[in-house]
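Comments concern the structure below.
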Amino acid sequence: MPQKLVFWLLDINYDVESKTPVVNMWGLTEDGKKVLVKDYSFRPYFYVLPKMGVDLSKAVKDIKLLEDPAEPIISIDLVDKKYFGKPVKAIKVTCLIPQSVPSYREKIGRLSWVEDVLEADIRFYMRYLIDNGVNPCDWHEVEVEEEKVPPGFELDAVYRALSRPQPILKDEPPPLKVLSFDIECYNKAGSPVAQRDPIIIISLVANGESKVMTANDHDDSSLLKEFVEYIQKFDPDIISGYNSNHFDWPYIQARAKLHGVKLKVSRELTEPHQSVYGHISIVGRANIDLYDYAEDLMDVKIKTLENVADYLGVMPKDKRILIDYIDIASYWDDPSKRDLLKRYAEEDAVSAYGITMEVLPFAIQLSRLTGVPLDQVLAASVGFRVEWYLMRVAYREGELVPNRVERKYEPYRGGLVLKPKEGLHENIAVLDFSAMYPHLMIKYNIGFDTYVPPEESCNPDECYVAPEVGHRFRTHPPSLYRKALEKLLELRKAIRDEMKKLDPKDPYYILLDNRQRAVKTMTNAMYGYLGWTGARFYLKPCAEATAAYGRQTIMKTIKMAKEMGLNVIYGDTDSIFVKYDESKVRAFIERVEKELGLEIKLEKIYKVCFFTEAAKKYAGLTIDGRIDVVGFEAVRGDWCSLAQEVQSKVLELILVKKNVQAAINYVKDVINKVRSGKVDIKDLVIWKTLSKSLDEYEVEAAHVQAARQLLAAGHRLEVGDKIGFVVVKGASEKISGRVKPYIFASMDEIDKEYYARKQIAALALRILKYFGVSEEQLLTGVKQASLFDFLRR
DNA sequence: AACTGTGGCCTGTCGA
DNA sequence: TCGACAGGCCACAGTT
């Protein structure tokens, strides 16, 4: 009997059942039921773009001739589409099953009259989502007929769709069952090897309750079975782990294979499998790797689970058990320590669960907005998220999606950065354009579909000409980028208006806040997408013109500021720093908005602000007494923490106390402590990322040398790992010749003079030299610096 | 996703 | 052969 079903889309995949493709929508209902909605009515297709002037009826016949009866073509239709904004006749070829698409693409692509075969590489279920306006992580209504639940499926009901799902207005996701897990391996000799080392603990938290499962000494076969059974019984909607896509799941898979254990953890009791963007898919559930999210947390320099959990306030580092990864095996083997190890594992799972609860609301909104399924959206890079969003816009506009092609890297000129006026300044206003690039793209209708190539003519009043670069864009119709951006900006405004009516503690407010953050992220990423040579919609002039308009805008802005008597101290891309004068600044903001048609905002005011001669580096004391440190080594992860601390403290003494002598004394004191070894070696560690494999390095950098030592000692290293090393005494002239991984080093071998000079004094002097302090002054003697008036007026 | 910019250190080159 | 210098490699941060 037909009925209406309302469901929230959690996961999507497809199957082929007796030569019919079926889209499986794994959903949840309002009353918490797990359902599967099967749509048998959608067919895969792609487009063939004929060359100019080709006889289309002959073209259609040619395609028909290529048909393989074993893989039927359902229809061949002539359709009107647009390609790079130009109207084109395309041939839409619809097949019976998705598997036939690649071979037809190949065969048809070889026909002489074919310009290109398009959209043949879009995965079937993504095609379904785009064409039907169905969104992951959103509510839909669909007409259905109930079917039997197939044996082995973990579901409350299965339905056959009788209509296409329609999105309905409903925001709150259903209650989701979340399971986070972590594994510990028996790694006696360096890094664990799946073929050799068993899993000894699987700890997990399911809807807030933790559980620690253990191996039978060194036998993990029953542990694996227990884990599978637990997942089946708890039946989570969300499964998460930390680095689980690249470590836990592959490890579990390898161990399970060894023992012949079937990992029937999906909702159709199939095993996890590798999918797009390097993520692991578990059908019917959303498997999320929290590391994908951690990568975006710029403030966490070393992205271990405990650091991320600490940063998010989920599990404070000083209130939990931490066991060095090297000691895990010995803890397991020592009966008196095994419980401690179990607690450690439990706390890891609790951390993972806590992070999941922080991330999930945002991931849900990002998935809903971009149309990328929840289990993929964090794994997908920014470019792909933007691209899927644009593909939906393109579909609605009848614009054909270009193929993915490999292009060589093509740099272009970017934003304008001013040389700052060095020294101390008082009362500085920071003014910022809001979303400058997006607004410029809209204003000048920039797009691959509005671009006028040099050989083409265009009426001057019907096109915009970008400064410096001269690229032209038609003033109408609106470009695809413009449409996408207008929609995003409009959406953000609507969300923020709605938020204003709510209490910030209201759960709905928090939902909307996550939504507006997702929209903002996408808006900001659009410009970067323009310049990405891997983008389907890539056209270099778009990026070049946008950046050129940006430079023009900021130059005009600076000119206006000067004309109005504002002293411009610094500026970067879309911001200017001026000496604050309330009435002048107010008038300036009005004039900019009137003359440039762009919104500029008074972002903040610094009571005191310090610049060196270098761009992208400054420190400012805000009205509420905080210190912003931008670009200085104190906020960079590649200096030892002691030197960073010294630089921060010096900045504070200068900005707040305005006391140079106190700063000198302080630095000298630290240098003395370093020289006498009265510092913690941990504060001398320098961390650097291994950005490629060791043999790819052209020079012997310090961290590369340290990495080689780690490798020789049996540590497993991967690209992206952070190498922590210290500089030690030795014969070598080169720093790289006398580094040691910090775990091998002791205080007495530290090259204390290196730290005194090249780390501590160097960073202090970065600031103090502007106040007449010399290196010698910090490193030797007790010479008193003369106090002088260092304020610029 | 892009470019801009800083700055350490390595390494090749050039002049003495 | 040695030291100084310059250019390049490298990592990272900041702006969008």
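Because only heavy atoms are used, hydrogens play no part in the values below, and waters and symmetry mates are left out as well, while side chains stay in. Just so we're on the same page: letters track the sequence lines, and every chain starts at 1.
- Taking a cutoff of 4.0 Å between a charged side-chain nitrogen and a carboxylate oxygen, A/Asp513 and A/Arg515 do not qualify as a salt bridge.
- Out of C/dA11, B/dC9, B/dG7, the shortest distance to the side chain of A/Glu633 is found at B/dG7.
- Of the charged side-chain nitrogens involved, at least one lies within less than 4.0 Å of a carboxylate oxygen, so that A/Lys617 and A/Glu633 count as a salt-bridged pair.
- Set against C/dC10, C/dC12, C/dT15, the side chain of A/Lys688 has C/dC12 as its closest nucleotide.
- Counted by atom type alone, A/His279 and A/Asp289 present zero donor-acceptor pairs between their side chains at under 3.5 Å.
- Atoms CE (A/Met436) and C1' (C/dG14) sit 14 Å apart, rounded to a whole Å.
- Across all strands, A/Asp299 comes closer than 4.0 Å to no nucleic acid atom at all (heavy-atom distances).
- Taking the nucleotide of DNA chain C with the nearest heavy atom to each of A/Lys692 and A/Met298, the more 5' of the two is matched to A/Lys692.
- Among the heavy atoms of the strands, none lies under 4.0 Å from A/Ala543.
- Residue A/Gln759 contributes atom CD, which lies 10 Å from atom C1' of B/dG8 at whole-angstrom precision.
- Across B/dC10, B/dG5, C/dC12, the shortest atom-to-atom separation from the side chain of A/Lys616 is found for B/dG5.
- Residue-level contact check: A/Gly528 touches the bases, meaning some heavy atom is under 4.0 Å from a base atom.
- A/Tyr538 comes within 4.0 angstrom of no nucleic acid atom, judged by non-hydrogen atoms across all strands.
- For C/dC10, the OP1/OP2 oxygens have no side-chain nitrogen or oxygen of A/His703 closer than 4.0 Å.
- With the nearest nucleotide of DNA chain B identified for both A/Lys419 and A/Tyr527, A/Tyr527 has the one nearer the 5' end.
- Using the six-membered ring where Trp is involved, A/Tyr412 and A/Tyr527 have ring planes that are perpendicular, over 60° apart on the 30 and 60° scheme.
- For A/Tyr409 and B/dC3, the shortest distance from a side-chain N or O to OP1 or OP2 is below 4.0 Å.
- Looking at every heavy atom in both residues, A/Val465 comes nearest to A/Gly470 through CG1-O, 3.7 Å.
- Atom P of nucleotide B/dA2 and atom CZ of A/Phe384 are separated by 11 Å, given to the nearest angstrom.
- A/Phe611 and A/Phe577 have perpendicular rings, their planes meeting at more than 60° on a 0 to 90° scale where under 30° would count as parallel.
- A/Glu410 comes within 4.0 angstrom of the backbone, heavy atoms only, and of no base.
- Comparing B/dC10, B/dT6, C/dC12 by their nearest atom to the side chain of A/Lys734 picks out B/dC10.
- Annotation: proximity of residues 634-650 of chain A to DNA chain B (heavy atom, distance under 4.0 Å) is found for A/Arg636, A/Trp639, numbered in ascending order.
- A/Phe577 has its CZ atom 11 Å from the C1' atom of C/dT15, to the nearest Å.
- In this structure, A/Arg766 reaches the sugar-phosphate backbone alone: every heavy-atom distance under 4.0 Å involves primed, P, OP1 or OP2 atoms, never a base.
- Residues A/Lys604 and A/Asp432 are not paired through a salt bridge, judged by the lack of any N-O separation under 4.0 Å between the basic side chain and the carboxylate.
- Relative to the side chain of A/Val630, the nucleotides C/dT15, B/dC3, B/dC10 differ in distance, and C/dT15 lies closest.
- Rounding to whole angstrom units, OH of residue A/Tyr437 and P of B/dC3 are separated by 11 Å.
- Applying the 4.0 Å criterion to OP1 and OP2 of C/dG14, one finds that A/Tyr570 has every side-chain N and O outside that range.
- Note: CG (A/Leu418) to P (B/dC3) measures 21 Å, nearest angstrom.
- A/Val417 comes within 4.0 angstrom of sugar-phosphate atoms only, judged by non-hydrogen atoms across all strands, and of no base.
- Regarding A/Phe725, its CZ atom lies at a distance of 9 Å from the P atom of B/dC9, rounded to whole Å.
- Position along DNA chain B of the nearest nucleotide to A/Pro411 versus A/Thr612 favours A/Pro411 as the more 5'-ward residue.
- In this structure, NZ of A/Lys601 is placed 12 Å from P of C/dT16, rounded to the nearest angstrom.
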Task: side-chain contact (heavy atoms from CB on, under 4.5 Å) evaluation trace for A/Gln644 with A/Gln647 - done: CA-CA 5 Å; A/Gln644 291 188 298; A/Gln647 195 180 50; 5.9 Å; no
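- Contact check on A/Lys616 versus A/Asp572 returns a salt bridge, with a Lys/Arg side-chain nitrogen under 4.0 Å from an Asp/Glu carboxylate oxygen.
- Side-chain N/O atoms of A/Asp628 and A/Tyr618 include no donor and acceptor closer than 3.5 Å.
- In this structure, A/Lys540 reaches neither bases nor backbone, as no heavy-atom distance under 4.0 Å exists between it and the strands shown.
- The side chain of A/Tyr412 approaches B/dA2 more closely than any other nucleotide in the set B/dT11, B/dT4, B/dA2.
- In the set C/dA11, C/dA13, B/dG8, C/dA11 carries the atom at the smallest distance from any side-chain atom of A/Ser691.
- Distance from the side chain of A/Pro438 is smallest for C/dT16 among the nucleotides C/dT16, C/dC10, B/dC9.
- The closest side-chain donor-acceptor pair between A/Glu410 and A/Tyr538 falls under 3.5 angstrom.
- Contact between the side-chain N/O atoms of A/Thr689 and the OP1/OP2 oxygens of C/dA11 is not found at any separation under 4.0 Å.
- Counting any heavy atom pair closer than 4.0 Å across all strands shown, A/Tyr697 reaches sugar-phosphate atoms only and no base atom.
- Candidate nucleotides B/dT11, B/dT4, C/dT15 were compared by shortest atom distance to the side chain of A/Asp572, and C/dT15 ranks first.
- Mapping A/Val629 and A/Leu690 onto DNA chain C by nearest heavy atom places A/Leu690 at the nucleotide closer to the 5' end.
- Remark: A/Lys722 is not in phosphate contact with C/dA11, judged by side-chain N or O atoms under 4.0 Å from OP1 or OP2.
- Looking at heavy-atom distances under 4.0 Å, A/Tyr481 makes no contact with the nucleic acid at all.
- When distances are taken from the side chain of A/Thr573 to each of C/dC9, C/dC12, C/dT15, the shortest belongs to C/dT15.
- Residue A/Ser381 is in sugar-phosphate contact alone, with no base atom involved, counting any heavy-atom pair closer than 4.0 Å across all strands shown.
- Using a 4.0 Å heavy-atom distance criterion, A/Arg385 is classed as making no nucleic acid contact.
- Contacts of A/Lys520 with the nucleic acid, taken as non-hydrogen atoms under 4.0 Å apart, are absent.
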